[in-house]
Amino acid sequence: HQALQVVMLTASTSAFSSGRLFAGRISKQTFLAMSTAIANPFLEQETTPKFSKLEPQFLTPAVDVLLEDMKSQFEQLEKKLDEDFKEADYDAVLPEVEKIRSPLEYAWGVAGHLNGVKNGDELRAAYEASQPKVVQSFTAFAQSKPLYDALVKLQESWSDDDAISFKERQQRRAIEGSLRAMKLGGVGLEGAEKERFNEIRLRLAELSTNFSNNILDETKAFSLTVDSADAAKLDGAPASAMAMWAQSHEQYLKKEGNDDAKIDPETGPWRITLDGPSYIATLSHVPDREIREQIYRAYITRASEGNAEKNNVPIINEILKLKTESAKMLGYANYAEQSLASKMAPTVESVAELTDLIAAKAGPAAYTELEEITTYARSKGGDEYAEDKLAKLMPWDVTFWSERFKEEKYAVTEEELRPYFALPAVLDGMFELVKRIFGVVVKPADGEAEVWNEDVRYFNVYDVDTNVHIASFFLDPYSRPADKRGGAWMDVCIQKSEAMKRDIPVAYLTCNGSPPVGDKPSLMTFREVETLFHEFGHGLQHMLTEAEVGDVSGINGVEWDAVELPSQFMENWCYDKPTVYGFAKHYETGEPLPEDLFEKLKQQKTFSAGLMAMRQLYFGSLDMELHSAYDPEGEETIFDVQKRIAAKYQPHNLPLPEDRFLCTFGHIFGGGYAAGYYSYKWAEVMSADAFGAFEDVGLDNDEEVKKVGRSFRKTVLALGGGIPPSEVFKSFRGRDPTPDALLRHNGLA
C-alpha cells in the first residue's frame with residue numbers, strides 16, 4: 001500500500017546507478033552550448049527545481065545537451081584513469097564520477113518526479129523519447145573498464161585496520177557498492193553478449209514505464225456515477241465519502257465545460273472512481289453489494305486483457321523473461337539470486353524461512369478472524385448472506401463486514417475519528433514528536449521553493465540545539481487521479497554530498513490522502529495518518545544523514561531490505577499517547593480526542609492482524625516465486641503461479657479466477673521491489689525491535705525516551721549506507737534483531 005519510490009533513474013538505467021539524485025554543477029561547455037538557445041529550466045540546478053518553468057518541451061533539449069557534456073567529460077576521466085592512475089587516490093575517482101553524472105541525474109530525476117505527480121501526454125512523450133538515450137549513457141558508467149580497474153586498485157590498497165574513520169568507512173562502502181553494481185551492470189561482459197545485455201536494459205526501462213502508465217490510464221478511465229434517484233444504495237456511507245464522490249462529479253462536470261456545476265453531497269449525483277481514497281471508501285462503507293462488486297471487479301482487472309491497448313499481461317511476461325535472461329548472463333540461476341546479491345537476506349531460502357515463521361503464527365489467526373467476520377455478516381446482513389445462498393463471503397464483502405464488525409466490537413467508527421485527524425494538526429503533532437525524540441525543528445517555508453501544484457507544501461528542518469538549517473522537504477499530500485499516480489512514496493530531490501558541496505538535503509514526500517472538501521480541511525483516516533508517518537520516516541533518514549559521500553548518504557547504499565526500517569518504525573508512534581494527543585484535536589472545536597476513543601484506537605491495532613500479515617506474506621512470496629522458480633517459457637502462466645501461492649498463504653480468502661492483481665503490482669514491475677517485496681517484513685522485524693528499545697525504558701519516561709531517540713538519530717538516521725545495516729542496528733540496540741517484538745505488536749506472540 002505504500003513504498004519508498006525508487007528514483008526513476010534507478011529503475012531505468014544501469015545497475016551502477018545508486019538511485020541518488022542531487023543538484024549538481026553543469027560544466028562551462030554546457031552553458032556555452034546553451035548560450036545561443038532560450039534558457040532551459042532543467043539546466044537551472046543551483047537550488048530546488050524551477051517548477052513554474054518546467055514545461056515538457058524543455059526536457060529533450062536539456063537531456064541532449066547534458067548527455068553530450070557528460071559523455072565528453074567521462075571519456076576524459078576514463079583516459080586519465082587508464083593512463084595516469086598509478087597511486088590509489090579516492091578523490092580522483094568516485095567524487096569525479098559524481099560531478100560528471102550529477103547534472104543529468106538532476107534533470108532526469110526531476111522529469112521522473114513530474115511523471116509521477118503531474119503526468120500528461122506531452123511530458124510522457126518527451127520522457128519516453130529521451131529514456132533510451134539516458135539508459136545507454138549510464139550503462140557506459142556501469143561497463144567502464146578503466147573505472148572498474150581504478151576502483152579495484154583502491155580496494156586493494158585498503159589496510160586491515162579496523163580503527164578507520166567514519167569518512168573512510170563511507171568511502172569503502174561506496175567503492176564496494178560501486179564494484180558490485182558494476183558487476184551486476186555487465187562490466188564483465190564482452191561482444192555479442194554485452195550487446196544483448198544492453199538491449200535488455202533498454203527494453204526493461206521501456207516496459208517498466210509502459211506498465212506504470214497503463215495503470216494510471218486505466219485507473220482514471222473508470223468511473224461509476226450513482227444518480228440521485230439511487231441515493232438509498234449509499235445509505236450509511238460516511239458524510240466525508242459522500243462529499244468526496246459529489247466533489248468528484250462536480251469536477252468532472254466542470255472539466256466537461258459546465259463551469260457553474262455545483263453538486264450537493266446530500267443529494268448527488270456521486271461519482272465513484274478507482275483512485276485510493278474513493279476505492280477504499282466504497283469497499284468499506286457502501287452497503288449495496290452490486291456497487292461494491294462492480295467497483296471491486298473493475299479494480300482487480302485494471303490494465304489486463306479487457307483493454308488490449310493497456311494490457312500489462314504481455315509486459316509482465318516479457319519483463320520476467322528478460323530478467324531471467326540477463327541474470328543468467330551474469331552467472332545467476334535466476335533474477336532473485338541477482339537481486340539478493342545486494343541485499344541483507346543471503347538467499348531465497350532465508351526469505352522463505354522468515355516468511356514461514358510469521359505464517360505459522362499469522363495463518364491460524366487469519367482463519368479465526370475471517371470466521372468471526374463471516375459469522376457477523378450472516379447475523380447482520382439478512383437473507384442474501386445466509387449460508388445456503390452464499391457459501392462464503394466474496395472479496396467485495398470482506399472489507400465491508402470487517403469494518404462493521406470492528407465498529408461494533410470497539411464501538412468506534414472511522415467517521416467518528418476523522419474530525420480529530422485534520423492534516424494541519426497531524427503535521428504539527430508529527431513535527432512535535434521529532435522535536436521531542438530526535439531534536440529537530442520543522443518550520444513551514446512555503447514560498448521559498450517553487451512547487452508543482454498549489455496543494456504542495458515546503459518545510460525547513462533545523463537542529464534544535466544549534467538552530468542550524470539542516471534539511472528541507474516538499475509535501476504533496478492529496479490524491480489527484482487525473483495526473484498523479486496512486487500510492488505513497490519518498491523521493492530524493494537534493495542529496496547531501498561533499499563532492500557536490502551540498503550540505504542541505506531535500507526530499508519529496510508524496511501521499512494520496514483524502515483531499516479537503518468544501519471549506520473543511522483534509523480529514524484523514526487513521527490509515528492515512530500512519531502512511532504520512534511512514535513516508536516521513538523515509539524522509540528523516542534522507543534528511544538527517546551525517547554521511548557526506550554521495551553514494552552512501554541518506555538512503556543511498558542502504559540495503560533494500562533495511563530501507564523500510566525508519567519508515568515502519570515511525571508508524572509505531574501513531575499509538576503513543578503523548579504523540580497522538582499532540583495532534584488529535586477536533587478540527588472545529590479544538591477538543592482533544594476522548595480518552596475512550598484513544599483506548600479503542602489502540603485496541604484496534606491488532607484487529608485482523610493475521611489477515612493483514614498473510615496478505616503481505618502472499619505478495620512477497622508471489623514476487624519471489626515469479627523471480628526465482630517461474631519459467632516464462634513453460635506451460636504455467638503467471639496467474640497459475642498466483643493461484644498456487646494464494647493457496648498457501650490465502651487459503652482462507654482465495655482470489656477470484658479473473659483476479660489480475662499482478663497487472664497492477666507496480667512495486668515489482670514498475671518500481672524497485674522485484675524479488676524484494678519481502679523487504680517490508682524483513683525490515684519490520686528490525687523496526688518493531690527498534691521501537692521496543694523505547695518501550696523498554698517506558699514510553700512515558702520523557703528523559704529516557706529522549707536519550708533513546710537521540711541514539712536512534714545518531715545511528716539509524718545518521719549513518720546512511722556508510723555502515724552495513726546489520727552493524728547500524730547492533731550499534732543502536734546492542735544486539736541482532738529478533739522477531740519477538742513484531743509478533744507481540746501484532747498480537748501474534
Side-chain angles (χ1 to χ4, degrees), residues 5-21 24 42 56 59-75 78 97-98 100-116 123-145 147-148 178 181-189 192-213 315 318-327 329-330 335 338-339 342 491-492 666 668-672 674:
Q5 164 66 0
V6 182
V7 178
M8 298 301 284
L9 193 62
T10 311
S12 62
T13 66
S14 72
F16 182 69
S17 168
S18 64
R20 69 183 187 279
L21 182 63
F42 280 100
L59 179 59
T60 300
V63 167
D64 287 345
V65 168
L66 293 171
L67 281 170
E68 184 177 346
D69 187 55
M70 187 176 76
K71 182 174 182 290
S72 172
Q73 289 191 59
F74 188 55
E75 286 174 352
E78 282 189 306
V97 172
E98 202 173 323
I100 292 169
R101 293 165 56 99
S102 176
L104 181 59
E105 286 183 336
Y106 181 94
W108 191 243
V110 171
H113 171 69
L114 289 174
N115 218 20
L123 176 60
R124 186 181 292 187
Y127 189 87
E128 291 174 2
S130 291
Q131 188 176 50
K133 295 178 288 187
V134 174
V135 173
Q136 288 172 325
S137 70
F138 284 113
T139 298
F141 285 83
Q143 297 176 352
S144 168
K145 290 291 180 61
L147 177 57
Y148 183 83
S178 295
M182 292 181 79
K183 291 173 185 175
L184 297 178
V187 72
L189 301 178
E193 195 173 34
K194 178 179 178 180
E195 188 176 333
R196 174 58 182 157
F197 183 85
N198 291 344
E199 286 176 2
I200 290 173
R201 295 198 67 80
L202 279 171
R203 182 59 178 157
L204 283 173
E206 181 183 5
L207 291 169
S208 176
T209 300
N210 292 344
F211 184 92
S212 299
N213 286 342
I315 290 178
E318 189 175 355
I319 287 174
L320 292 172
K321 181 179 177 181
L322 293 176
K323 285 189 172 181
T324 299
E325 182 182 351
S326 61
M329 286 183 184
L330 297 174
Y335 182 78
Q338 177 185 332
S339 174
S342 56
D491 251 349
V492 175
I668 69 171
F669 297 122

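In this chain, numbering begins with 1 at the start of the sequence shown. Atoms considered below: every heavy atom in the structure, side chains included; atoms not considered: hydrogens, waters and symmetry mates. For clarity, every value in this text was computed on a predicted model and none was experimentally measured.
Residues meeting the salt bridge (charged side-chain N to carboxylate O under 4.0 Å, His left out) test with Glu206, sequence neighbours left out: Arg203. In terms of the side-chain hydrogen bond (donor to acceptor under 3.5 Å, both in side chains) criterion, Lys194 has no residue partners (sequence neighbours excluded). Partners of Asp64 under the side-chain hydrogen bond (donor to acceptor under 3.5 Å, both in side chains) rule, at least two apart in sequence or in another chain, are Lys133.
Side-chain contact between Leu320 and Tyr335: absent, with no pair of heavy atoms (C-beta onward) separated by less than 4.5 Å. Put simply, the side chain of Leu147 does not reach to within 4.5 Å of the side chain of Glu78, judged on heavy atoms. Ser137 has its side chain within reach of Met70: a pair of non-hydrogen atoms, C-beta onward, lies under 4.5 Å apart. When side chains are defined from C-beta on, Phe669 does not count as touching Ile315, because their heavy atoms never get closer than 4.5 Å. Using a 4.5 Å heavy-atom cutoff, the side chains of Val187 and Ser144 are not in contact. Glu128 places a side-chain heavy atom less than 4.5 Å from the side chain of Asn210. Annotation: side chain of Asn198 is in contact with side chain of Gln143 (closest heavy-atom distance under 4.5 Å).
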Would Tyr127 and Trp108 satisfy side-chain contact (heavy atoms from CB on, under 4.5 Å), going step by step from the backbone distance to the final call? CA-CA 9 Å; Tyr127 189 87; Trp108 191 243; 3.4 Å; yes
Where do Leu330 and Lys183 land on the side-chain contact (heavy atoms from CB on, under 4.5 Å) test, with the steps shown first? CA-CA 8 Å; Leu330 297 174; Lys183 291 173 185 175; over 6 Å; no
Please walk me through it: do Met329 and Ile200 pass side-chain contact (heavy atoms from CB on, under 4.5 Å)? CA-CA 11 Å; Met329 286 183 184; Ile200 290 173; 4.1 Å; yes
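Note that the CD atom of Glu105 and the CG atom of Leu66 stand 11.5 Å from one another [nearest 0.5 Å]. To the nearest 0.5 Å, the span separating CD on Gln73 from CD on Glu68 amounts to 11.5 Å. The CG atom of Asn115 sits 4.5 Å away from atom CG of Leu123, with the distance rounded to the nearest 0.5 Å. Note that NZ of Lys71 and CG of Leu67 are 10.5 Å apart. Values are rounded to the nearest 0.5 Å. Annotation: the span from Ser130 atom OG to Leu104 atom CG amounts to 9.5 Å, rounded to 0.5 Å.
Under a cutoff of 6.0 Å and an axis angle of 45°, Arg101 and Phe141 form a cation-pi pair.
Atom CD of Glu75 has more than 12 neighbouring heavy atoms from other residues, nucleotides or ligands inside a 6.0 Å radius.
Between Arg196 and Glu325 there is a salt bridge, with a side-chain nitrogen of the basic residue lying less than 4.0 Å from a carboxylate oxygen of the acidic one.
Not a single donor-acceptor pair under 3.5 Å links the side chain of Ser208 to the backbone N or O of Ala205. For the pair Thr139 (side chain) and Val135 (backbone), a donor-acceptor distance under 3.5 Å is present. Without hydrogens or angle criteria, Ser326 side chain to Leu322 main chain gives a donor-acceptor distance under 3.5 Å.
A side-chain donor-acceptor contact under 3.5 Å links Thr209 and Gln131.
In plain terms, the two heavy atoms of Pro56 and Ala126 that are nearest each other are O-CB, 3.8 Å. Of all heavy-atom pairs between Ala62 and Phe42, the closest is CB-CB, 3.6 Å.
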